[in-house]
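Encoded as structure tokens, the structure appears first; notes follow it.
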Amino acid sequence: MNLGLPYKGSKNTIANDIVKAIPRGGKILDACCGGGAFLMAAAMSMRWDAVVGNDLNKASVALLDAILIHKGQIEYNHPPVCSRDDFFNSLQRIENDDFDIQDCVNKYCASFGNDGKTYLYGRDIEDSKLAAERMLTAETLEERRKFYRIFNFR
């Protein structure tokens, strides 16, 4: 089972082993929770009364909060396609502490290797990739056909 947000340095593969090595107790704190792999493993183990996470990365904390605690803040059916401009605008809003959950989704889901820094597509293939995404996620069949034609003629 994958735990937390995927990124390089995630404790996903060792989180359950860490949980088993720590004695049960009242409250456990992960002071640098990152993508939340240990938090999720600790919470699912039911070994502590409370599991608390903290991290300097406000975007990952907000995204974990939206996914784990305040469910419903993210639209899953038809997520907006994130262009290069959308991605870097989201990073700027996060940097300025003026961001929303979609900015957090853009940071991690539209970044290469989930690094939160590099946009997913190279400039030379971005238009084709965005057309393909829209072809698959557009709400109407007419829109999907429109993006299919755009994708097909690139």
Side-chain angles (χ1 to χ4, degrees), residues 1-19 29-45 51-154:
M1 173 193 296
N2 290 328
L3 300 169
L5 305 172
Y7 72 97
K8 292 177 184 170
S10 170
K11 294 184 232 38
N12 179 55
T13 58
I14 60 170
N16 287 318
D17 294 331
I18 295 171
V19 165
L29 168 67
D30 186 355
C32 301
C33 68
F38 173 76
L39 288 178
M40 290 180 72
M44 290 187 312
S45 76
V51 177
V52 179
N54 184 53
D55 202 276
L56 288 175
N57 187 335
K58 294 175 185 176
S60 66
V61 170
L63 192 52
L64 286 168
D65 180 67
I67 294 168
L68 300 173
I69 299 167
H70 297 104
K71 298 173 182 139
Q73 292 184 32
I74 300 172
E75 173 63 48
Y76 293 102
N77 292 332
H78 294 285
V81 173
C82 182
S83 69
R84 179 179 301 277
D85 288 341
D86 295 335
F87 177 76
F88 286 108
N89 287 336
S90 288
L91 294 186
Q92 188 63 52
R93 284 190 291 272
I94 291 167
E95 182 71 25
N96 294 336
D97 279 340
D98 184 29
F99 62 92
D100 61 19
I101 294 302
Q102 188 59 51
D103 291 321
C104 301
V105 171
N106 289 350
K107 177 176 179 169
Y108 292 106
C109 296
S111 63
F112 186 77
N114 305 106
D115 70 359
K117 300 173 188 172
T118 312
Y119 182 61
L120 183 60
Y121 305 129
R123 290 187 192 278
D124 57 332
I125 62 167
E126 179 181 359
D127 290 340
S128 293
K129 295 289 188 173
L130 292 177
E133 277 190 59
R134 289 180 175 117
M135 178 179 68
L136 297 170
T137 62
E139 292 194 36
T140 68
L141 183 58
E142 183 180 325
E143 287 178 286
R144 289 179 184 184
R145 286 181 175 152
K146 174 184 135 186
F147 289 114
Y148 171 77
R149 287 189 293 276
I150 293 169
F151 174 77
N152 213 24
F153 292 113
R154 292 219 176 262

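The figures that follow rest on heavy atoms only: side chains count, while hydrogens, waters and symmetry mates do not.
Here the CG-CD1 distance, from Asn106 to Ile101, works out to 11.5 Å after rounding to the nearest 0.5 Å. Atom CG of Leu136 sits about 11.5 Å away from atom CZ of Phe147, to the nearest 0.5 Å. To the nearest 0.5 angstrom, Ile94 atom CD1 is 11.0 Å from Asn89 atom CG. To the nearest 0.5 angstrom, Asp103 atom CG is 12.5 Å from Glu95 atom CD. Atoms CD and OG1, on Glu143 and Thr137 in that order, are 9.0 Å from each other to the nearest 0.5 Å.
Every residue meeting the side-chain hydrogen bond (donor to acceptor under 3.5 Å, both in side chains) condition with Asp115, not counting sequence neighbours, appears here in chain and number order: Thr118. Residues passing the salt bridge (charged side-chain N to carboxylate O under 4.0 Å, His left out) test with Lys146: none are found, sequence neighbours excluded. Contacts of Asp17 classified as side-chain hydrogen bond (donor to acceptor under 3.5 Å, both in side chains), with partners at least two apart in sequence or in another chain: none. Take Arg145 and apply the side chain to side chain contact (heavy atoms under 4.5 Å, CB included) test, not counting sequence neighbours, and it matches Leu141, Arg149. Not counting sequence neighbours, the partners of Ser83 by the side-chain hydrogen bond (donor to acceptor under 3.5 Å, both in side chains) test are Asp86. Under the rule for a side chain to side chain contact (heavy atoms under 4.5 Å, CB included), the partners of Ile18 that lie at least two apart in sequence or sit in another chain are Lys11, Ile14, Ile22, Phe38.
A 6.0 Å sphere centred on CD of Glu126 holds more than 12 heavy atoms belonging to other residues, nucleotides or ligands. More than 12 heavy atoms of other residues, nucleotides or ligands shown are found within 6.0 angstrom of CZ on Phe88.
Screening Tyr108, Tyr121, Tyr119 against Phe87 for a ring-ring contact (aromatic ring centres under 6.0 Å, His included) leaves a single residue, Tyr119. Considering Leu39, Val51, Val52 in turn, Val52 is the only one that fulfils the side-chain contact (heavy atoms from CB on, under 4.5 Å) rule with Leu29.
Contact of the Leu63 side chain with the Lys107 side chain is not registered, since no non-hydrogen atoms from C-beta on lie closer than 4.5 Å. Between Asp127 and Ile150, every side-chain heavy-atom pair lies at or beyond the 4.5 Å cut-off. Using a 4.5 Å cut-off on side-chain heavy atoms (C-beta onward), Leu64 and Val61 make no contact.
Without hydrogens or angle criteria, Asp55 side chain to Cys33 main chain gives a donor-acceptor distance under 3.5 Å. With Asp30 contributing its side chain and Gly53 its backbone, the two residues share no donor-acceptor pair below 3.5 Å. Of the possible donor and acceptor atoms, none in the side chain of Asp98 sits under 3.5 Å from a partner among the backbone N and O of Arg93.
The two residues Met135 and Phe151 have their closest heavy-atom pair at CE-CD2, 4.1 Å. Shown here for Leu120 and Ser111, the closest heavy-atom pair between the two residues is CD1-O, 3.9 Å. Annotation for Arg144 and Arg134: closest pair CG-O, 4.4 Å, computed over non-hydrogen atoms. Closest non-hydrogen pair, Ala62 versus Cys104, comes out as CB-SG, 3.9 Å. Contact record, Leu3 with Ala41: CD1-CB, 3.7 Å, taken as the closest heavy-atom pair.
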